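To start, the structure itself, in structure tokens.
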Amino acid sequence: MAKREYNFTDIEKRWQGFWEGCGLFHTDESSRKEKFYCLVMFPYPSGTLHVGHGRNYIIGDVVARYKIMKGYNVLSAIGWDAFGLPAENAAIKGGIHPAIWTKNNIKAMKRQLHRWGVGYDWNREITSCDPDYYKWTQWIFLKLYEHNLAYKKKAAVNWCPSCATVLANEQVVDGCCERCDTPVRQRDLEQWFFRISQYAQKLLDDISLLEGWPERVKTMQANWIGRSEGVRVDFKLENSGKALPCFTTRPDTLYGVTFVSLAPEHSIIEELISGTLQEKAVMDFVDRVRNQGIVERTAEATEKEGIFTGRYVINPVNNDKVPIWVANYVLMEYGTGAVMGVPAHDRRDFLFARKYQLPIKVVIQPKGEELRANTMKEAYVDNGIQVNSGNFDGMSNTEAIKKIAMHLEYKGLGTKTVTYRLRDWLISRQRYWGAPIPIVYCEKCGTLPVPESQLPVVLPETVEFKSHGMSPLAEVDSFINTNCPKCSGMARREIDTMDTFVDSSWYFLRYLSPKDDSQPFVTKKVNKWLPVDQYIGGVEHAILHLLYSRFITKALYDFRYINFKEPFQHLFTQGMIIKEGAKMSKSKGNVVSPDILIDKYGADTQRLYILFIGPPQKDAEWNDRGVVGAYRFLNRLWQKITDYEDVYAKVQRADIDMNKLSPAAKTLYRQTNQTIKKVTEDMETSWHFNTAIAAVMELLNNVDVFNVVIPSNAAEELNFNVFRHTMEITLLLMSPFTPHICEELWEAIGHKPSIFQQTWPAYDKNAIQEEVVEIVVQINSKVRGHLSVPIDVSNADLKRRVLSDERIAGFLNGKEVMDIVVVPKKLMNIVVK
RNA sequence: GGGCGAGUGGUGGAAUGGCAGACACGAAGGACUUAAAAUCCUUUGACCGUUAAAGGUUGUGUGGGUUCGACUCCCACCUCGCCCA
């Protein structure tokens with residue numbers, strides 16, 4: 001018979017066209033099947049994809065195809081997170097408009113996705129830089145504004161004095177501008193914020209609803225929100241008696257306060273120092289520190305610096321008079337911007353006190369030793385017993401935390417308070433390539449939202465990109481000048497655009513009605529399809545993107561647009577693909593292009609290798625040579641099935657009756673059923689695609705030792721049917737991983753396409769049962785022999801057989817048997833002395 | 001400094017209390033070929049051992065512990081990675 005080549009190029013093209021034509025991934029929303037929303041994080045169109053990106057989409061495709069075969073109505077869609085800085089940089093450097101650059105990249109990446117054979121409902125494709133999309137991003141801004149969750153305030157930005165421009169954090173390298181190396185300064189600008197802090201507690205509490213999320217990601221979210229319980233203690237200014245509130249999580253150390261320090265931004269400073277001798281020195285210090293970045297100021301390695309204000313406060317619990325300092329490590333954003341200094345029991349306070357010769361007062365003693373202020377080498381931050389603490393002496397400090405807080409509240413000297421590390425979300429970007437913030441400033445009427453009917457506020461196309469100065473939007477008069485929506489008088493538009501994280505915080509709602517121009521999403525549809533059943537993406541988005549999406553979802557829930565509180569039911573974070581010890585990136589020059597590999601081996605080979613490389617949640621090292629292993633396997637599978645291409649139609653199909661099979665056929669039939677079980681478990685429970693594939697490889701190795709002949713009698717027909725059954729199962733099990741070749745072979749073996757209309761195979765419980773098992777015989781836990789016994793052998797019978805075994809008896813000669821441990825169907829351990 | 005991962009052959013990895021190294025890569029030897037590629041077969045943790053079979057010892061970062069039995073569970077430590085300071 002003529003051998004047919006495994007011509008992957010033609011095969012892959014053919015089936016990609018077929019799936020497109022038959023609408024395999026087209027989601028029929030009226031279907032009565034149970035829904036399954038499978039979502040991969042939508043890509044930023046940065047240029048071309050490498051195999052590291054491919055892992056994400058291929059995993060998503062495997063899950064989608066598997067769920068289709070399991071009988072779900074699957075929704076799998078994709079779009080483009082298309083606003084952002086790289087496009088604007090390309091415009092500045094290469095003179096190409098961001099819109100063109102983005103469009104070209106989308107085109108190139110779409111082609112790559114198609115070549116991988118990953119399937120989406122392309123009718124639902126969305127692009128966040130499209131006015132049809134960002135109209136609704138602006139709508140979300142308006143809704144947040146309406147509910148007082150969007151507001152404007154002054155906030156520090158990175159400012160390059162030489163370029164006279166605002167820099168994004170990633171444009172600041174070692175505290176300097178990445179372009180001109182000028183030290184970056186902090187400058188206050190009026191900017192828009194989303195009040196995510198108002199949702200801090202809800203975001204924290206509802207982590208418990210995220211059952212299908214990795215623990216690691218949940219912990220990262222909780223840490224980022226950073227709830228801490230403490231007390232706001234009112235210290236009184238010595239001269240005026242005015243309260244200076246300090247937040248502390250350690251009220252047990254209150255008796256050990258020897259100074260109080262203020263953030264340089266604290267509003268009380270001016271009032272404190274005015275007219276004092278220190279006034280000028282303090283103001284100089286404040287100016288200098290405020291120009292340091294926050295990251296730099298609070299870094300462990302940065303020198304703690306401060307200056308005395310010349311003023312004092314009174315400690316409310318013991319009336320100690322303690323000095324007020326201004327310190328670089330205190331932040332206005334956290335707590336009250338004023339902290340009490342307890343050198344004996346806080347590391348930073350200890351260093352600070354030593355540096356400026358401030359007193360150290362021990363108020364907590366560890367068990368079994370006695371700390372002395374003048375001999376301490378470092379702060380003691382652990383638990384112990386209260387000393388020098390008035391009525392609280394002798395109490396454990398954990399007890400004192402509660403008692404002192406109660407005491408303060410009772411006396412009206414403080415309030416129990418909860419604070420969060422989570423800051424409000426700064427969404428203003430002084431950039432062109434983003435969704436314009438829909439706000440108008442009128443001299444008469446003030447700050448006004450753009451009415452919904454006037455959305456979208458469209459980005460002007462013709463702008464000038466310069467490497468210096470403000471956002472290009474600042475110079476487009478036709479954009480800036482507008483009419484006030486209230487009084488129709490002259491008004492000007494907000495020129496800042498939104499952080500791209502706003503675009504990506506709601507896109508998963510848009511897939512349900514991507515073209516609806518009357519509303520951002522259809523409540524009825526999103527309520528039916530969300531939460532997303534399975535979200536798949538990189539762990540680098542474990543904090544911000546997921547937290548912002550959760551916040552927007554919760555806000556929309558509170559505004560009664562949707563009836564679910566969390567957007568993503570299950571989350572899967574895949575590991576990175578590493579090459580030469582580093583993450584693949586263009587700048588490192590270690591990227592592997594999928595196109596070259598597809599040309600050489602085909603998409604199925606590449607998919608198989610990426611899935612086989614290791615457990616998908618772990619990082620994995622890419623090895624170009626490893627790819628051939630996947631290619632060889634597919635070739636063997638191809639050969640095995642096409643060898644009998646003209647036989648399948650001639651051999652009558654028959655149900656397989658275990659009792660009539662030859663021993664070899666029975667073994668193969670059993671192995672086939674065992675493989676179904678193994679692969680299904682790997683798909684359902686752990687997503688260990690690598691071991692699922694290994695199991696199928698093993699099965700094919702077993703087919704190799706099974707003697708297939710073109711049947712000429714009934715017994716041979718039976719054998720052939722067992723072989724055919726095994727190959728059909730192999731194709732079904734492999735189809736989510738390597739869909740093209742499986743479709744082709746499914747047809748070759750005599751079926752009508754598509755294989756994805758088949759249901760996922762179930763295993764025959766009776767068939768997986770072995771008749772004979774091999775028992776490992778150990779003596780003192782060392783393997784000394786193996787024994788084949790019927791599966792249903794009794795323990796007593798097993799012992800008798802083992803002890804009468806010649807070899808085992810030799811080992812036992814002259815030794816006393818102390819104990820025999822039997823693990824049914826597996827092992828027997830004889831303990832001897 | 002804190003939190004979370006991880007550490008197994010030459011390599012990617014498998015085994016979650018029961019034969020360590022499945023599956024694959026690479027390597028070595030062989031078959032086919034004028035030759036090469038492809039393909040197929042054999043071997044492949046290390047060490048000792050025999051003409052050959054066998055067989056033995058040792059082995060999952062280090063040190064302890066629990067157990068008849070530990071890559072797996074517990075304690076301490078070392079190294080690397082990620083996130084946060």
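Just so you know, these numbers come straight off a predicted model, no measurement behind them. Quick note on labels: first sequence line is chain A, next is B, and so on, each numbered from 1.
The side chain of A:A694 sits closest to B:C23 out of B:G18, B:C23, B:C83. The side chain of A:N690 sits closest to B:G13 out of B:C25, B:G13, B:C4. For A:Q778, counting side-chain heavy atoms from C-beta on, the closest listed nucleotide (B:C23, B:C19, B:C83) is B:C19. Between B:U58, B:G18, B:C25, one nucleotide has an atom nearer to the side chain of A:V823 than all others, and that is B:G18. Of the listed nucleotides (B:C23, B:G3, B:G18), B:G3 has the atom at the smallest distance from the side chain of A:N223. Checking B:A85, B:C19, B:C68 against every side-chain atom of A:H786, the shortest atom distance belongs to B:C19. For A:R421, whose side chain is taken as the heavy atoms from C-beta onward, the closest listed nucleotide among B:A24, B:A85, B:A14 is B:A85. Taking only side-chain atoms of A:I613, from C-beta outward, the nucleotide of B:A24, B:U57, B:G12 with the closest atom is B:G12. The side chain of A:N701 approaches B:C23 more closely than any other nucleotide in the set B:C68, B:C23, B:C25.
At most 12 non-hydrogen atoms from other residues, nucleotides or ligands lie less than 6.0 angstrom from CD of A:E211. Enclosure of atom CZ in A:R216 is not indicated, since only 12 or fewer non-hydrogen atoms of other residues, nucleotides or ligands lie within 6.0 angstrom.
For the pair A:D819 and A:V627, both in contact range of RNA chain B, the more 5′-proximal nearest nucleotide belongs to A:V627. When each of A:M576 and A:R784 is assigned the nucleotide of RNA chain B bearing its nearest heavy atom, the one mapping closer to the 5' terminus is A:R784.
As judged by a 4.0 angstrom heavy-atom cut-off over every strand, A:N780 is placed among residues making no nucleic acid contact.
Counting heavy atoms from C-beta on, the side chains of A:R421 and A:W224 come closer than 4.5 Å.
Between A:F568 and A:Y535, the two ring planes are parallel [angle under 30°; tilted spans 30° to 60°].
Base orientation of B:G7: anti (glycosidic angle beyond 90° from 0).
Taking the P atoms as reference points, B:G7 lies 8 Å from B:G61, given to the whole Å.
Atoms NE2 (A:H345) and P (B:G1) sit 21 Å apart, rounded to a whole Å. Distance NE2 (A:H688) to C1' (B:A22): 14 Å, rounded to an integer number of Å. We find that CG of A:D619 is positioned 11 Å from P of B:C83, with the value rounded to whole Å. In this entry the distance linking CG of A:D643 with C1' of B:U39 reads 13 Å, nearest Å.
Under the 6.0 Å cut-off for aromatic ring centres, A:W425 and A:F501 do not qualify, their centroids lying 6.0 Å or more apart.
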